Amino acid sequence: MKTQFERRRHELAINMKSGIAVIPTAGEAIRNKDAHYPYRFDSYFHYLTGFSEPESVVVVIGGKESRSILFCRAKHEEREIWDGFRHGPEEAKTQFHFDDAFAIDEIDTILPQLIENKNTIFTPVGVSPDWDKKMMGWLNKTRSRAREGVNAPAGLIDVRQILDEMRLIKDPEELDIMRRAAKISAEAHIHAMTAAAPGKYEYEIEAELLYHFKKRGSQFPAYTSIVAGGKNACVLHYIENNTVLNDGDLLLIDAGCELDGYASDITRTFPVNGKFSGPQKVIYELVLDAQLAAVEATSCGNSWQAPHDAATKILAQGLIDLNLCHGSLDKVLEQREYSRYYMHRTGHWLGRDVHDVGNYKTDGQWRSLQPGMVMTIEPGCYIRSAPDIPEQFWNIGVRIEDDAIVNHDSGCEIITSAAPKAIKDIELLMSA
Ligand code: GLY
Ligand code: MN
Ligand code: MN
């Protein structure tokens, strides 16, 4: 039986017809002097290979008789003593089911031969100047052999247009990892809720999240955690996480782990002292109603836009009822007056990247939701202090974010539901 990686390479090969794909993994990044950032492979490369080592390139030869070739680091006793294990081409070929594998040092010789007489190269175009230059070098080397009767590819196509569509619909193996990632993150949010207390610092709560992510086997946070007490919650990308938590404030946490290359993305908002105040309750319930309406609208066949429309409708009406927006619902929606308090969209695709790949519109239309798509559902309401806003609502920032898999029949599966979001459940947990 084929592995998911072989299946994906085969699908790419069929899509390319007689082309050839050449896809590098990510480079290692230096943080400063001799210290590196933790290595993270490229999402496209890993989607097709499952291979995690840097300095690797996958080649997929298109058509029905497709072949896959890996270039990777050669075995190297001394480097392995310093930096750790390398599979080397021979072992990688067997273990990762390639038709062939070569040392990366050989790519300048072998790749120009592989692209001979192929009509199109599929590669990431314009992502990295280094890669573009290498690709042009190999192409020109093949072109230089024209008088020997060698034809060089005439076309260069961005391979991401095929891979993005493939990655948009998750296969069962991917859904399984994403459910596990979501569960770890949901549990981390529960830990954060039980750890929060007036007088603690935001970074102490961030530490609880990171500890739990690692303890449960996730490799990284999927993005920098937002741990935002009080008015910091009204800064959408707040990541300083260095402020003391005050009694009577809300705490907004947007944090999710990455597991085996897949992101999770959860936001919960709760009172630092475990009990919502009256005004906090009002805003929280409004966002929760909007979120539940968006969840309801997340269903196979519905437009991508449907959850956003459902959420904004509820939020806009709520803001009118609270005298924070003025005029008719139609006017507040049409003129986007709610955007003073709700300025982002209700979700994004989720997968290997937290803001995952895949077009949101096709042929000028919002695309319709299909089984296997995974997305976030994350309305919010952020009220800054201003003379025309009642003081009781100042500095209240609320977002509630879940991850959803679009089901085959109807509706969606919320894979982050272990993290409580009903007021009574949050207060019960925090009082325990
Ligand atoms: N955590 C990133 C986002 O919610 O989009
Ligand atoms: Mn998100
Ligand atoms: Mn988020």
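Whatever order the structure lists them in is the order used to number ligands and atoms, beginning at 1. The structure presented is a predicted model; accordingly, all values stated were derived computationally and were not measured. Sequential numbering from 1 along the given sequence is applied to the chain's residues.
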Task: Presence of N, O or S from E378 under 2.8 Å of the Mn ion (ligand 3) - done: no

Task: ligand 1 N/O within reach of E378 N/O, cut-off under 3.5 Å - done: yes

Open item on the list: Check the orientation of H355 and H348. Use parallel for under 30°, tilted for 30 to 60°, and perpendicular for over 60°.
Closed with: tilted

Task: Proximal atoms of ligand 1 relative to Y223 (non-hydrogen, under 4.0 Å) - done: 1 (N)

- [ ] Report yes or no: does H355 have an N/O/S atom closer than 2.8 Å to the Mn ion (ligand 2)?
- [x] no

TODO: Check D265 and report its N/O/S atom nearest to the Mn ion (ligand 2), by atom name.
DONE: OD2

Open item on the list: Classify the ring geometry of W131 against W138: parallel below 30°, tilted from 30° to 60°, perpendicular beyond 60°.
Closed with: perpendicular

TODO: Report the name of the N/O/S atom of E401 located nearest to the Mn ion (ligand 3).
DONE: OE1

TODO: Can you pull out the closest protein heavy atom to atom 5 (O) of ligand 1? Residue, atom name and distance to 0.1 Å, please.
DONE: H355 NE2, 2.6 Å

Task: Atoms of ligand 1, numbered as shown, that sit under 4.0 Å from any heavy atom of E401 - done: 4 (O)

Open item on the list: Between K281 and E285, does the salt bridge (charged side-chain N to carboxylate O under 4.0 Å, His left out) criterion hold? Intermediate values first, please.
Closed with: CA-CA 6 Å; K281 229 178 221 175; E285 293 282 15; over 6 Å; no

- [ ] Using the ring of F220 (Phe, Tyr or Trp, six-membered ring only), decide whether R40 places NZ or CZ under 6.0 Å from its centre and within 45 degrees of its axis.
- [x] no

TODO: Tell me, please: is H344 in heavy-atom contact with ligand 1, that is, under 4.0 Å?
DONE: no

TODO: Answer yes or no: is there an ion pair linking D402 with R268, defined by an N-O contact shorter than 4.0 Å?
DONE: yes

TODO: Would you kindly check if the NZ (Lys) or CZ (Arg) of R352 is within the cone defined by 45 degrees around the ring axis of Y47 and under 6.0 Å from the six-membered ring centre?
DONE: no

- [ ] Could you go through the salt bridge (charged side-chain N to carboxylate O under 4.0 Å, His left out) check for R160 and D164 one step at a time?
- [x] CA-CA 5 Å; R160 293 175 300 174; D164 287 356; 5.9 Å; no

Task: Top protein contact for atom 3 (C) of ligand 1, by heavy-atom distance - done: D265 OD2, 3.3 Å

